[in-house]
Amino acid sequence: MTQKKRLATLALCALSVAPFSALANPIPLNGSFSFNGSGVASFSPNGGGIDTATSVVLENPIEVSQVNTTTFGNPNYFDGILKSGFFGGTLGYIGNSLPNGTFPLTIGNNSTPISNLLGITAPNGDTFNFSASSESVLNRNSSGGASSMSVIFLGTMVDTGNNISPTLSSLGLTFIDNAGTLGYTGAFSAPPATINVPEPGSLLLVGIGALGLGLCARKFKVTGRVSSGLQGTISKWGIQLSAVMLELCNGIKNSASSIRRAPRRGRLPTQLRRI
């Protein structure tokens, strides 16, 4: 075989293998989703509102409530993979994968790593796990008998299907206390979200409305003490208010720039320290 024929044969082999090699290589994740938690079992210290808490006990599971079609202007990886909506969204957990398990979350550790802080399994069987490397409190709000606190974690997301490479990500959690009625919502983003916090009073009111209607709809569905028409109306308005709240508090800003370098341990990037 001549030298030219050998080169041509090698080129054809490389071209034939290339597509399979590309499929086998994980890709960086570009995706986001929002979710609602089952509730907050307790928080401490409990002498004031949840805005003063240094630890919260979160109830599982979580349920995906919103998956946008794009993240930072590019296709959202989770669109079509995760299901969203009340009483039908993909389920996951915060810190404890046991059914209906609880997870005590300490707030203010800043650089203390938390393995598998977020876990969620898609209908196709692929499981995504987020581990936090740093944390920061974004805001603490109180108005009358209601209070809230928002926390953001930076870390890495991986998947069991090895479809994505370990990707720098953010997980935002918002805890709400409405005169003793406790709940939480959250949002995941890769690359990390750059969050501009809205005016606190309006955010708190919208969040309390969403939480109240969401819990009301969940309770009525479980007990069966409401007509299907009223239940549908409650769920409809709960979804709409929840979407507004999540967009305001934890929504992904398409105009924000991606964070290209991982932050140093215990220190947030400049984009997040603007708040």
Side-chain angles (χ1 to χ4, degrees), residues 28-38 40 53 55-68 71-72 76-78 81-82 84 89-97 103-122 127-139 148-159 164 166-176 183-197 207 245-253 256 258-259 262-263 265-269 271-273 275:
L29 175 63
N30 186 89
S32 60
F33 60 87
S34 302
F35 59 86
N36 294 318
S38 292
V40 175
S55 67
V56 291
V57 179
L58 304 179
E59 297 177 335
N60 286 303
I62 61 172
E63 183 178 23
V64 175
S65 58
Q66 184 176 357
V67 181
N68 294 326
T71 298
F72 293 105
N76 186 350
Y77 180 86
F78 295 109
I81 293 181
L82 301 181
S84 62
T90 301
L91 299 180
Y93 65 87
I94 294 292
N96 188 346
S97 60
F103 179 69
L105 177 64
T106 301
I107 301 166
N109 282 341
N110 295 322
S111 60
T112 301
I114 306 177
S115 298
N116 297 327
L117 177 58
L118 167 70
I120 192 162
T121 300
T127 298
F128 300 88
N129 290 299
F130 170 84
S131 294
S133 58
S134 63
E135 162 258 321
S136 179
V137 176
L138 292 180
N139 57 59
S148 68
M149 176 170 56
S150 296
V151 181
I152 190 167
F153 298 86
L154 291 179
T156 304
M157 174 71 92
V158 298
D159 74 317
I164 61 172
T167 305
L168 180 65
S169 317
S170 66
L171 172 65
L173 296 176
T174 296
F175 315 113
I176 299 173
Y184 72 98
T185 63
F188 170 84
S189 174
T194 299
I195 300 177
N196 294 315
V197 180
M245 183 237 178
L246 291 172
E247 181 179 0
L248 288 173
C249 182
N250 297 316
I252 308 307
K253 304 296 183 181
S258 300
I259 300 175
R265 185 177 180 84
R267 186 173 176 84
L268 289 173
Q271 292 93 325
L272 294 178
R273 298 203 302 272
I275 300 169

Using the six-membered ring wherever Trp is involved, compare the ring planes of Tyr184 and Phe175 and label them parallel, tilted or perpendicular (cut-offs 30° and 60°).
->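 The arrangement is tilted - the two ring planes meet at 30° to 60°.
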
Backbone N/O of [Y] and side chain of [X]: donor-acceptor pair under 3.5 Å:
| X | Y | result |
| --- | --- | --- |
| Asn76 | Ser32 | yes |
| Glu135 | Gly108 | yes |
| Asn60 | Ile94 | yes |
| Ser38 | Pro61 | yes |
| Ser170 | Ala193 | yes |
| Ser133 | Leu154 | yes |
| Glu63 | Asn36 | no |

Residues that Ser97 engages under side chain to side chain contact (heavy atoms under 4.5 Å, CB included), provided they are two or more places apart |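 With neighbours one apart ignored, the set is Tyr93.
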
List for me each residue that meets side chain to side chain contact (heavy atoms under 4.5 Å, CB included) alongside Val64, sequence neighbours excluded, and say none if there are none.
->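 Phe33, Val67, Leu82, Ser84, Thr90, Ile120.
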
Do Ser115 and Ser131 pass the side-chain hydrogen bond (donor to acceptor under 3.5 Å, both in side chains) test, and can you show the C-alpha distance, the side-chain angles, and the key distance before you say yes or no?
-> CA-CA 4 Å; Ser115 298; Ser131 294; 4.6 Å; no

Taking side chain as C-beta onward, heavy atoms only, is [X] less than 4.5 Å from [Y]?
| X | Y | value |
| --- | --- | --- |
| Met149 | Ile107 | yes |
| Leu29 | Phe188 | yes |
| Leu105 | Leu173 | yes |
| Phe72 | Ser189 | yes |
| Thr174 | Leu138 | no |

Could I get the full list of side chain to side chain donor-acceptor pair (under 3.5 Å) partners for Asn96, not counting sequence neighbours?
->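 Side chain to side chain donor-acceptor pair (under 3.5 Å) list for Asn96, sorted by chain: empty.
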
Apply side chain to side chain donor-acceptor pair (under 3.5 Å) to Thr106 and list each qualifying residue two or more places apart in sequence or on a separate chain.
->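 Testing Thr106 for side chain to side chain donor-acceptor pair (under 3.5 Å), a comparison that skips the adjacent residues, returns none.
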
Can you see which heavy atom on [X] is nearest to which on [Y], and at what distance?
| X | Y | answer |
| --- | --- | --- |
| Gly37 | Ile62 | CA-CG2, 4.0 Å |
| Leu118 | Met157 | CD2-CE, 4.3 Å |
| Ala132 | Leu117 | CB-CD2, 4.0 Å |

Mind checking the [atom1]-[atom2] spacing from [X] to [Y]? Nearest 0.5 Å is all I need.
| X | Y | atom1 | atom2 | answer |
| --- | --- | --- | --- | --- |
| Ile114 | Phe153 | CD1 | CZ | 5.0 Å |
| Ser148 | Ile176 | OG | CD1 | 6.5 Å |
| Ile164 | Asn30 | CD1 | CG | 11.0 Å |

ring-ring contact (aromatic ring centres under 6.0 Å, His included) against Phe128, all qualifying residues, sequence neighbours excluded =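 Per chain and number, Phe128 pairs via ring-ring contact (aromatic ring centres under 6.0 Å, His included) with Phe78.
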
Would you please test Asp159 and Asn129 for side chain to side chain contact (heavy atoms under 4.5 Å, CB included) and show each step?
-> CA-CA 6 Å; Asp159 74 317; Asn129 290 299; over 6 Å; no

